[in-house]
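Here is the structure we will look at, set down as structure tokens.
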Amino acid sequence: MAGTGIGARVERKEDFRFITGKGNYTDDINRPGQAHAYFLRSPHAHAKIRKIDTAKAAAMPGVVGIFTGADIEADKVGGLICGWMIHSKDGTPMKAGAHPALAVGKVRYVGDHVAVVIAETLAEARDAAEAIIVDYEPLKPVVDLASATKKGSPAIHDAAPDNQVYDWHLGDEAAVKAAFRKAKHVTKIDLVNNRLIPNAMEPRAAIGDYNPGEEAFTLYTTSQNPHVARLVLSAFIGIAPEHKLRVIAPDVGGGFGSKIFIYAEETICVWAAKKVGRPVKWVADRTEEFLAIAHGRDHLTHAEMAIDENGKILGLHVKTRANLGAYLSTFASSVPTYLYVPLLSGQYNIPAIYGEVEAVYTNTAPVDAYRGAGRPEATFVIERLMEVAARELGMDPAAFRKKNFIKSFPHQTPVIMCYDTGDYNASLAKAMEIHDVKGFARRKRESAKAGKLRGLGYSAYIEACGIAPSAAVGSLGAGVGLWESAEVRVNPVGTVEVLTGSHSHGQGHETTFAQLVAGRLGIPIENVAIVHGDTDKVQMGMGTYGSRSGAVGMSAIVKALDKIEAKAKKVASFVLEASEADIDFKDGQFSVKGTDKSIDFASVALQAYIAHKFTGEQLEPGLKEGAFYDPTNFTFPSGVHIAEVEIDPDTGVTTIAKWTAVDDFGVIINPMIVEGQVHGGIAQGIGQALLEGAVYDSNGQLLTASYMDYAMPRADDLPSFRVDHTTTPCPSNPLGIKGCGEAGAIAAPAAVMNAITDALGHENIAMPATPQAVWQAAQAGLARAAE
Amino acid sequence: MYAFDFHRPATLRQANSLIGKVEDAKILAGGQTLLPTMKQRLASPAAVIDLSGVPELVGIEQKGRNLVIGAMTSHAEVASSALVRELLPGLAALAGGIGDPHVRHKGTIGGSIANNDPAADYPAGLLALGATIVTNRRKIPAGEFFTGMFSTALDEGEIITKVIVPTGGKFAYAKFRNPASRYAMVGVAVGKKGSSVVVAVTGAGSDGVFRWAEAEAALGKRFNAKSLEGVTNPPAKDLNSDIHASAEYRSHLIGVMARRAVTAATAK
Ligand SMILES: Cc1cc2nc3c(=O)[nH]c(=O)nc-3n(C[C@H](O)[C@H](O)[C@H](O)COP(=O)(O)OP(=O)(O)OC[C@H]3O[C@@H](n4cnc5c(N)ncnc54)[C@H](O)[C@@H]3O)c2cc1C
């Protein structure tokens, strides 16, 4: 499509700034007189703090202040919170242990915050931190997820004596039992969803600033949701009331969920700014990020699927143990519950589903939402099950899926979700066509000739995006509503500023949102500026995660634009001396029906502000409108990814030979940006499947604390992806958008593992399928074949 | 990083005299290993002597049947040198497979071998090629230079100035990269000069680079990949085990990489 409106491949407006190094990230900001913070972190996974002696450190050169948990307590700074209440099967609320921003009495993971040193330079802060003497009494650490709740495991929190956070369930257990009694075939599977460490290009950073004249704080921080940060820091942690606390999230270099949360470091920076009377800056180094950023995934799952004699699924029973780490991070509790089990129906008509989730504490970094959050875990379970079941039944995996696809909409699943629209056959058929699935047998023979194993795997994923209807999430335990806000400010010359409560940290909102506005108002895209990430500019908003900015954030903009158009028509009617009902608005021109009288948008804007053509009684001057949009349903992006791998059985190296993605994201605003999102998501999903995995040793030391040991996917690990689309517009929002930010990361792991197990001829391999793991599995497969 | 004094000599003479005078000094070459360790505060030299201003340490030239590579020559320069590509294509490929472009443009051959990381590529390559390491004081054959993990025959104050690499034989290096660091999880270099064969293994040994005598004996009889079929891989008990690869897997990979190296070395 030509032009710059919805559907056009507009180059990203923000890229020039980023590519030429003109971005304005938190670390680019320096406040006059600022001091530097360094956090002394726990070297122990689990230990009592007997005593902290800061006397020597405090006398070191350049030291401005040293604070510990005692100071936090003395100042009555509230603990970090988890904002989603989950109740166990027996109705008891989850057991949330205290989470002070600086450890009080005990440390609970390697990297936990023991003290902060604020000094003139970072080097001086570090030097002083080394001089702090901490008397620890090491305790036995709880590291292993499987055995964390075993009798005799030391308690990490007094509030949770057996280390269990909750034991939750969803679905109809009796119906599932009945389904399994009727089953002709039951497929069982045990899965590990490996722990991942988010690695945004920009590490976290924060600057706290206090203005004693106004008694007001400013926090610059790497946040995906500055207003939520302000709300939590104000209402729960108690830094300052909201009107005395400004949170700015400037350019942010990637988040993937990890920058949703309110962390100890930013809390301390803003609090300490007043204590020391200086702006306080902290920038994480990469090791700190590995140790203390909220990690992702980390599930152990046993799943069973009941199938009848015709290959129809009767029921699904999933039992998962989820690692939440040492403390409950901001949204941790929701991820393995309401973001997980309600997605277990996948694209399939499954009459009965029962999911049980036991969440536990361990002496490891907190675990929270990471790209996809719960939905990749759900897709991995259902899509591995589908593939394994098809193999056990001797059915073609695509045919088995087709047989069980949901074909009519709306479709109410047994686990909360009501899918609004979709065409699962269409995306499967298109993906198979593009991928040349027919040619796979030939390609497999060719690989075999070269001594290689080839496999093909599907992943037909669904996700719930556009998070989320406020009342619905409220009824499920969320502490906040998940609407979005927008304000459209038309300047007298007809340029437009759009204020959004969502936040762009790589998604390209400055472009896509501008496309919407420019197209709607018929003005050049250069005349539109998107403003976000500052609580003093944007009144309130809920931020960006869960592929919500298009479906929810842009819907709010549409609502505000509706109001702008209505008001502008009124202005035009005065200027054109016609009745309001006779005014048409098209391509940026207001015209009077049946005449050649017209006026363009910019001129109407000017008229709205000079207000010469109407009186105050007739119309308010100005052209500025705001709107809040609360979605009526989740959106349900879906699609099919096909992975084809080639394995070298000599070394265990897996090469992704071919990748096809056909996604249904509803209406697409900018295909180029969407492809970028899909590419990145697939890369992350392949990373999870083949490369990434956090490893703690039995003492709770993180062995993968740098890129020397934590394998991130690189360009040469990845093939060129074929990305295409089918479209069923979303019926529940005005633009028909579903969202695309997480799809790749959700779809990819199951596709890869289905392809690898296809190549190996057995299911006995877990993620990450490293060369060593694949080599071992290939040897086992060859040995089995030889028997 | 702690505070330190910084010296930047312009000649080898100046460097020599500085290293003799300055207490607790470390030589800085490409900085790819030294600087990260200093930043992490694992190394804290009182002074750093930066060799990047000494032009005589950089460059590649042919001297008779040898290639002479200056200690401060970067991996990228070795990888892209027309001379190396022609006379020792296997060495150019080895250098081109180190790290990433940034590392290859900063990291140097002298720094790499002085450091003798047990997963580095050059030590295996130079052993198999029968290279000689030249310092400000003496010449050390590669076979005597690499004395164990992170240790070399270098004495206090000794500076590597160049590396002399014989040409004219057969040589290839096959590397299995660690998926995270891209260092060698197992790397096998195979060199043949006349009737002598050296098979050097990096990344796998519990004490750094080592020679695989059984493979050398088999290849000494007939230099082709088939000769390795009957040879048992080095025993796992002498090999490294970590989160990326067990000793058994490393042992297996040594066999695979050795075959691939010999195949490459014998390919026309
Ligand atoms: C991300 C990354 C990936 C890497 N991947 C690989 C890889 O795949 N394979 C590989 O082999 N290497 C790899 N390296 C190492 C790199 O190739 C360098 O060779 C290595 O870091 C040392 O060389 P340098 O020139 O940087 O030396 P420096 O870091 O400056 O010095 C290293 C040590 O050698 C000493 N030294 C330096 N020069 C001399 C000299 N002339 N005489 C005496 N002593 C000296 C120094 O004092 C210091 O102790 C990697 C490094 C990084 C950072």
Side-chain angles (χ1 to χ4, degrees), chain A residues 38 61-62 121-127 129-130 194 197 199 285-288 290 451 648-655 686-687 689-698 701-717 768-779, chain B residues 1-4 32-33 36-42 44 96-97 99-103 117-120 174-188 203-204 225 228-229 233 236 239-260 263:
Chain A
Y38 180 79
T121 68
L122 179 60
E124 286 169 335
R126 261 186 100 160
D127 288 345
E130 284 178 7
N194 43 327
I197 303 180
N199 272 279
D285 67 27
R286 195 54 78 175
T287 307
E288 291 184 284
F290 274 105
D648 177 351
D650 268 355
T651 57
V653 169
T654 302
T655 308
I686 291 174
L690 295 182
L691 296 157
E692 296 182 51
V695 181
Y696 283 93
D697 73 9
S698 58
Q701 295 293 334
L702 183 64
L703 298 180
T704 51
S706 81
Y707 294 129
M708 290 299 283
D709 290 300
Y710 189 86
M712 291 293 287
R714 292 176 234 206
D716 65 349
D717 292 315
T770 60
Q772 165 164 265
V774 172
W775 174 72
Q776 280 164 345
Q779 298 311 305
Chain B
M1 214 175 255
Y2 296 99
F4 57 89
Q32 296 303 289
T33 296
T37 37
M38 287 172 66
K39 277 187 182 167
Q40 288 169 1
R41 300 189 154 192
L42 299 172
S44 49
D100 52 52
H102 174 98
V103 168
D117 188 298
K175 174 177 181 178
F176 191 92
R177 295 184 306 187
N178 176 309
S181 74
R182 304 277 176 120
Y183 273 84
M185 200 149 87
V186 166
V188 178
L228 290 172
E229 270 167 22
N233 293 329
L239 303 180
N240 261 341
S241 200
D242 56 31
I243 58 169
H244 304 286
S246 65
E248 291 73 23
Y249 179 48
R250 279 197 165 86
S251 164
H252 165 79
L253 283 178
I254 291 171
V256 179
M257 292 301 122
R259 286 196 294 280
R260 291 185 183 178
T263 305

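Everything quoted here is computed from the prediction, not taken from an experiment. Labels below follow one simple rule: chain letters A, B, ... track the order of the sequence lines, proteins then strands, and each chain is numbered from 1.
- Within the 4.5 angstrom heavy-atom criterion, no atom of B/D100 approaches chain A.
- Heavy atoms of A/D697 lying under 4.5 Å from chain B are absent altogether.
- Interface remark: B/M257 contributes side-chain atoms only to the contact with chain A (heavy atom separation under 4.5 Å).
- Between B/R182 and A/D717 there is a salt bridge, since a side-chain N of the basic residue sits under 4.0 Å from a carboxylate O of the acidic one.
- For A/D285 and B/R41, the salt-bridge test fails: no basic side-chain N is under 4.0 Å from an acidic carboxylate O.
- There is no contact between A/E692 and chain B, counting heavy-atom distances below 4.5 Å.
- Annotation: maximal heavy-atom pairing with chain A below 4.5 Å, among B/A180, B/S246, B/G255, occurs at B/A180.
- With sequence neighbours excluded, the residues forming a ring pair (Phe, Tyr, Trp, His ring centres under 6.0 Å) with A/F290 are A/Y707, A/Y710, listed by chain and number.
- Partners of B/F176 under the ring pair (Phe, Tyr, Trp, His ring centres under 6.0 Å) rule, at least two apart in sequence or in another chain, do not exist in this structure.
- Shown here for B/Y183 and A/M708, the closest heavy-atom pair between the two residues is CE1-CE, 3.6 Å.
- Heavy-atom pairs under 4.5 Å with chain B peak, among A/V695, A/D709, A/L703, at A/D709.
- Across B/S181 and A/R714, no two heavy atoms sit closer than the pair N-NH2, 4.3 Å.
- Formation of a donor-acceptor pair under 3.5 Å by the B/Y2 side chain with backbone atoms of A/A123 is not found in this model.
- Remark: side-chain polar atoms of B/H252 are not paired, donor with acceptor, to backbone N or O of A/T651 under 3.5 angstrom.
- Comparing A/D716, A/L690, A/V653, A/T704 by how many heavy-atom pairs each has under 4.5 Å with chain B, the most go to A/D716.
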